[in-house]
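Since the structure comes first, as structure tokens, the remarks are kept for the end.
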Amino acid sequence: MTEFDHRPRHLDTKLRARAREVIPGGMYGHQNAGRLPAALPQFMAEGDGCRVRDVDGNDYIDFMCSYGPIILGHRHTVVDAAALDQQLRADCQNGPGEVMVELAERLVDVVDHADWAIFSKNGTDATTTCVTVARATTERRKVLVAEGAYHGAAPWCTPIINGVVPDDRAHLLHYQFNDLDSADKAASVAGDDLAAIVVSPFRHDARHEQELVDPNFARGLRSICDGAGAALILDDVRCGFRMAYGGSWEPIGVAPDLSAWSKAIANGYPLAAVLGNERFRAGAEKIYVTGSFWFSAAAMAAGLATVDTLGSESALAKIERAGARLRDGLAAQARGHGVEIRQTGPPQMPLLTFAGDDEKFTLASEWTDVAARRGAYFHPWHNWFLSAAHTDADIDEALLATDEAFAAVRKALDHR
Ligand code: PMP
């Protein structure tokens with residue numbers, strides 16, 4: 001036993017017990033730590049740069065970045081100052097602030113395919129609005145989604161169908177990511193009722209190895225939509241701004257008609273956006289979407305500061321560099337310990353899996369557990385996120401933790 005095995009957990013344990021009394025299941029959704037390795041805390045207290053602290057005062061180098069929103073680092077001074085300044089003047093009002101138009105103009109400027117923006121709060125708002133705009137424009141019903149892809153928690157797309165009735169998904173058809181034949185087939189089943197194809201920039205389904213997009217597949221989806229007069233919807237909620245400044249498919253030259261954004265666009269402040277092109281503007285004008293907090297100005301001020309900082313600091317290059325350093329370090333450690341691993345996805349959103357792991361991710365969970373006890377916060381089966389706040393020194397410090405994690409996996413394998 002080392003000092004790390006004695007990290008305090010008292011308050012977290014107490015809070016979990018209190019939560020079980022007043023929150024269904026003690027916690028819900030993707031942040032339910034009850035499903036995660038024991039060393040990962042449920043309740044967090046503070047964050048700064050790439051470091052987070054749980055309620056018991058334990059510190060971690062953070063490789064989840066709040067599941068994506070934190071792209072510049074926790075407590076980013078420029079973003080927080082912009083949000084606070086706006087909040088102290090006016091946040092939730094009878095009408096939006098000037099900043100709404102400014103942010104829409106900036107996003108239309110930065111994101112190639114975009115001519116207009118609609119703002120909301122969460123990724124699910126954005127993906128659902130994209131589908132509604134596509135249907136309103138095309139006056140058709142069928143929507144193609146990749147088997148296993150996550151587009152949010154609304155009845156039409158939630159992965160857990162308790163409480164969902166078949167009618168909610170009556171017009172969904174499935175294809176396999178990177179398999180153009182399967183998309184062609186699904187599109188012909190939809191026929192002249194095809195409203196949209198929804199796709200993520202690369203395959204980042206939880207519990208699966210990640211898969212980068214084949215540019216020919218992306219181009220193929222574009223031409224199916226062009227041929228059918230349907231909308232190509234890029235779900236950039238998770239990847240937006242981490243893959244490319246102008247939208248995740250900008251580097252491969254495939255422009256969606258509509259894209260859904262959230263997570264990183266305001267560095268942790270609640271904001272989502274649908275961006276669309278001219279063809280879908282009239283449809284976007286026809287639909288009715290809104291929310292009590294969708295016009296709040298503080299998150300939009302945070303969004304504007306985030307977009308500008310990302311652009312001016314070449315943050316993306318920093319994020320990629322940190323991810324590459326982590327990836328190289330993990331690869332060397334795995335080799336050193338004789339542990340066979342796979343690292344998939346882009347370096348800025350990596351995932352580590354273990355050869356021979358089971359469907360409960362026992363090896364990945366052991367690895368994550370030990371890393372957390374040593375002060376590095378990873379996830380066993382959801383992709384990780386790097387931020388512009390991760391320096392070489394942070395990565396090297398985290399690698400001290402992962403080295404011990406690999407040693408623990410080696411031991412587990414030896415005892416099999
Ligand atoms: N689409 C993708 C690709 C996502 O990763 C997520 C969130 N994990 C969503 C949509 C839904 O976003 P939110 O949880 O903010 O509603």
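In each ligand, atom 1 is the first atom listed, and ligand 1 is the first ligand listed.
The shortest heavy-atom distance from Lys263 to ligand 1 is under 4.0 Å.
Ligand 1 has no N or O atom lying under 3.5 Å from any N or O atom of His204, backbone or side chain. Note: an N/O pair closer than 3.5 Å links Asp235 and ligand 1 by distance alone.
Scanning all protein heavy atoms for the shortest distance to atom 13 (P) of ligand 1 gives Gly123 N, 3.3 Å. Taking atom 16 (O) of ligand 1 as the reference point, the nearest protein heavy-atom neighbour is Thr124 OG1, 2.5 Å. Among all protein heavy atoms, the one lying closest to atom 9 (C) of ligand 1 is Val237 CG1, 3.6 Å. From the protein, the heavy atom lying nearest to atom 5 (O) of ligand 1 is Arg238 NE, 2.8 Å.
Between Arg9 and Asn58, the shortest heavy-atom contact is CD-ND2, 4.2 Å.
For the pair Arg281 and Glu278, the salt-bridge criterion is met [side-chain N within less than 4.0 Å of a carboxylate O]. Using a 4.0 Å cut-off between a side-chain N of Lys or Arg and a carboxylate O of Asp or Glu, Arg53 and Asp48 do not qualify as a salt bridge. Ion pairing between a basic and an acidic side chain is recognised when a charged N comes within 4.0 Å of a carboxylate O; Arg75 and Glu46 show such pairing.
Close approach of ligand 1 to His151 is summarised as follows: ligand atoms under 4.0 Å from at least one heavy atom of the residue are 1 (N), 10 (C). Listed by atom number, the atoms of ligand 1 under 4.0 Å from Asn122 heavy atoms are 15 (O), 16 (O). Taking a cut-off of under 4.0 Å to the non-hydrogen atoms of Gly152, the atoms of ligand 1 that pass are 10 (C), 11 (C).
Here the side chain of Asp358 pairs a donor or acceptor atom with the backbone of Phe361 at under 3.5 angstrom.
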Could you pull out every donor-acceptor pair under 3.5 Å between side chains of residues 152-167 and any protein atom, sequence neighbours left out?
{"residue": "Trp156", "atom": "NE1", "partner": "Thr128", "partner atom": "OG1", "Å": "2.9"}
{"residue": "Thr158", "atom": "OG1", "partner": "Ile160", "partner atom": "N", "Å": "3.3"}
{"residue": "Thr158", "atom": "OG1", "partner": "Ile160", "partner atom": "O", "Å": "3.3"}

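In this structure, Arg203 fails the cation-pi test against Phe217, since its NZ or CZ atom is not both closer than 6.0 Å to the six-membered ring centre and inside 45 degrees of the ring normal.
Counting heavy atoms under 4.0 Å from ligand 1, residue His30 does not touch it at all. For Tyr67, no heavy-atom contact with ligand 1 is shorter than 4.0 Å.
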**Item:** Verdict with reasoning, His390 to Ser387, per side chain to side chain donor-acceptor pair (under 3.5 Å)
**Value:** CA-CA 6 Å; His390 287 89; Ser387 79; 3.1 Å; yes
